Amino acid sequence: MAQNRYRDVDILKSIGIFLMVFNHVGFGDNWHQYIQSFHMPLFFIASGYLWRWKDEAFLEKEKRKAKGLLVPYVVFGLLLTVIWTLLRLDRGREFLVDGWLAYLLYPTRAIRFGGPLWFLPAMFFADMIYSFLRLKIRDDRIRLALILLIALAGCIFSRPPEGPELVYAIEPALVAVLFMYFGELIRKHDQILHLPLPVTILLFVVAWKLSFVNPTIDMRTSRYCIVPLFFLNGLVETLAWWNLSVRIADLPMSRRMDRLVTYLSRNSILYLLLNRAYITFYEFLVRRHLSITAEDMIPLPYRVLIFILVILTCALTAEILPRTPLSWTIGKKRQPLKKTAEA
């Protein structure tokens, strides 16, 4: 049971990674609006579902989280910002300063070639706040009230007309705490992940419709429009995809297929770190090949090709990087060049 449950979470996160890359490649406004309305909440909800307290001190846990989230953010954010700077030296001082501010302080402004990197500090701070509340506040009602207030504060602080901007993606981190709580509720009432097929189909229909009722959703830029509908969108659409993931997890799979279907989840950080950079590279090659400008839309067959190439290139990077001395840059120990036979 537990194994199937974790496998369906892996499948869910893998779907989320596919949707993220699909969205960044660009397949039209409708798909963009639909995916934007839930694909980041999906990861926070899954994190809340998997949240467990191990036998370790609070600070030790946060050090472990920092290794897996903040180290890749610092290393790859610096790398991508340096590359961007070298390519844009002719754009003027103000333009370059804005790019470095994004890396050093405000990743929600979008780190050049690495827009999704904001998720890493947001996940770190959301997990830290959520862990603190779970450990220190024993009364469930008081804890829920605090989570609601924290999420509300994140929504209120979202890009005020005039006023300071919080550093290191703390605004979406505050909002994400409530999504992590949704994940905890799903764990306690996991029968909601085993809905009849007609109900699952209905969830998809409702989720699709809801995504167009509340437009311009984007956690990175803290655009939530109708706030209650934003949280409802994230929850309903995640539940729809999660029920589908459970059905996939229940299918008989070979050991090789099982490893393949969870591959994206286990390497999700690398896909998040590098997909925008690879997309930019392949778009540059396609535009050179077709002799079109940056303002011209890339034809659909080429966008499909870019999507496939990015998935494969990230997979190749995920195979090579952990086996080099640079494995620490993604928060992992170096793996042996040859895998030992599994028992």
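Note that the structure is a prediction, hence the values are computed from the model and not measured. One is the number of the first residue; the rest follow in order along the sequence.
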Side-chain heavy-atom pair [X], [Y] within 4.5 angstrom cut-off:
X	Y	value
I248	L244	yes
R112	L80	no
P299	L290	yes
Y130	I147	yes
S14	I17	no
R138	R143	no
N267	I330	no
F38	S211	no

Least distance between heavy atoms, [X] atom then [Y] atom:
X	Y	result
F125	A173	CB-CB, 3.9 Å
S245	I15	OG-CD1, 3.6 Å
V175	F230	CG1-CE2, 3.7 Å
A240	T200	O-CG2, 4.0 Å
P322	T317	CD-O, 3.9 Å
Y73	A102	OH-O, 3.9 Å

May I ask you to check whether over 12 heavy atoms, not counting those of [X], lie within 6.0 Å of atom [atom1]?
X	atom1	answer
W51	CH2	yes
Q191	CD	yes
D296	CG	yes

Are [Y] and [X] connected into the same hydrophobic cluster when the rule is that any two of I, L, V, M, F, W, Y join if their side-chain heavy atoms are below 4.5 Å apart?
X	Y	answer
V236	I201	no
V205	I192	no
L273	L316	no
L149	V227	no
M297	I306	no

With side-chain contact (heavy atoms from CB on, under 4.5 Å) as the test, would you mind laying out the steps for V310 and H24 before giving the verdict? CA-CA 11 Å; V310 170; H24 290 161; over 6 Å; no
Please determine if R109 forms a cation-pi arrangement with Y106, meaning its NZ or CZ atom is less than 6.0 Å from the six-membered ring centre and no more than 45° off the ring axis. yes
Answer yes or no for R64 and F124: cation-pi contact, defined as NZ/CZ to six-membered ring centre under 6.0 Å and angle to ring axis within 45°. no
Could you check whether the rings of F43 and F119 sit parallel, tilted or perpendicular, using 30° and 60° as the cut-offs? perpendicular
According to the interplanar angle, ranging from 0 to 90°, do the rings of F179 and F231 count as parallel (below 30°), tilted (30 to 60°) or perpendicular (above 60°)? tilted
Taking atom [atom1] of [X] and atom [atom2] of [Y], what is their separation to the nearest 0.5 Å?
X	Y	atom1	atom2	answer
L101	I111	CG	CD1	11.5 Å
T238	I45	OG1	CD1	3.5 Å
D98	Y103	CG	OH	16.0 Å
L42	E237	CG	CD	10.0 Å
M180	L50	CE	CG	9.5 Å
Y302	L305	OH	CG	8.5 Å

Does a donor on one side chain sit under 3.5 Å from an acceptor on the other, for [X] and [Y]?
X	Y	result
T108	E171	no
T313	Y282	yes
N23	W31	no
S265	D10	yes
W100	T81	no

Quick check against the 3.5 Å criterion: does [X] have a side-chain atom that pairs as donor or acceptor with the backbone of [Y]?
X	Y	answer
T329	L326	yes
R303	I298	yes
Y168	L104	yes
H39	I35	yes
D190	L193	no
R223	R220	no
R276	F113	no
Y271	I311	yes
N214	Y224	yes

Lys/Arg-Asp/Glu bridge criterion (N-O < 4.0 Å) met for [X], [Y]:
X	Y	result
R287	E283	no
K65	E62	no
R247	D250	no

Test L144 against every option in L148, L146, I142, D140 by the side-chain contact (heavy atoms from CB on, under 4.5 Å) rule and name the one that passes. L148
Mind checking whether [X] and [Y] have ring centres under 6.0 Å apart?
X	Y	value
F212	W208	yes
F22	F27	yes
F204	W241	yes

Using side-chain contact (heavy atoms from CB on, under 4.5 Å), reason through W242 and V9 one step at a time and then give a plain yes or no. CA-CA 8 Å; W242 206 331; V9 175; 3.7 Å; yes
Start with the C-alpha gap between L195 and V246, add the side-chain angles, then the distance that decides, and say whether side-chain contact (heavy atoms from CB on, under 4.5 Å) holds. CA-CA 10 Å; L195 299 174; V246 168; over 6 Å; no
Output, in order, the C-alpha distance, side-chain angles, deciding distance and verdict of side-chain contact (heavy atoms from CB on, under 4.5 Å) for D127 and L69. CA-CA 11 Å; D127 182 86; L69 294 170; 5.8 Å; no
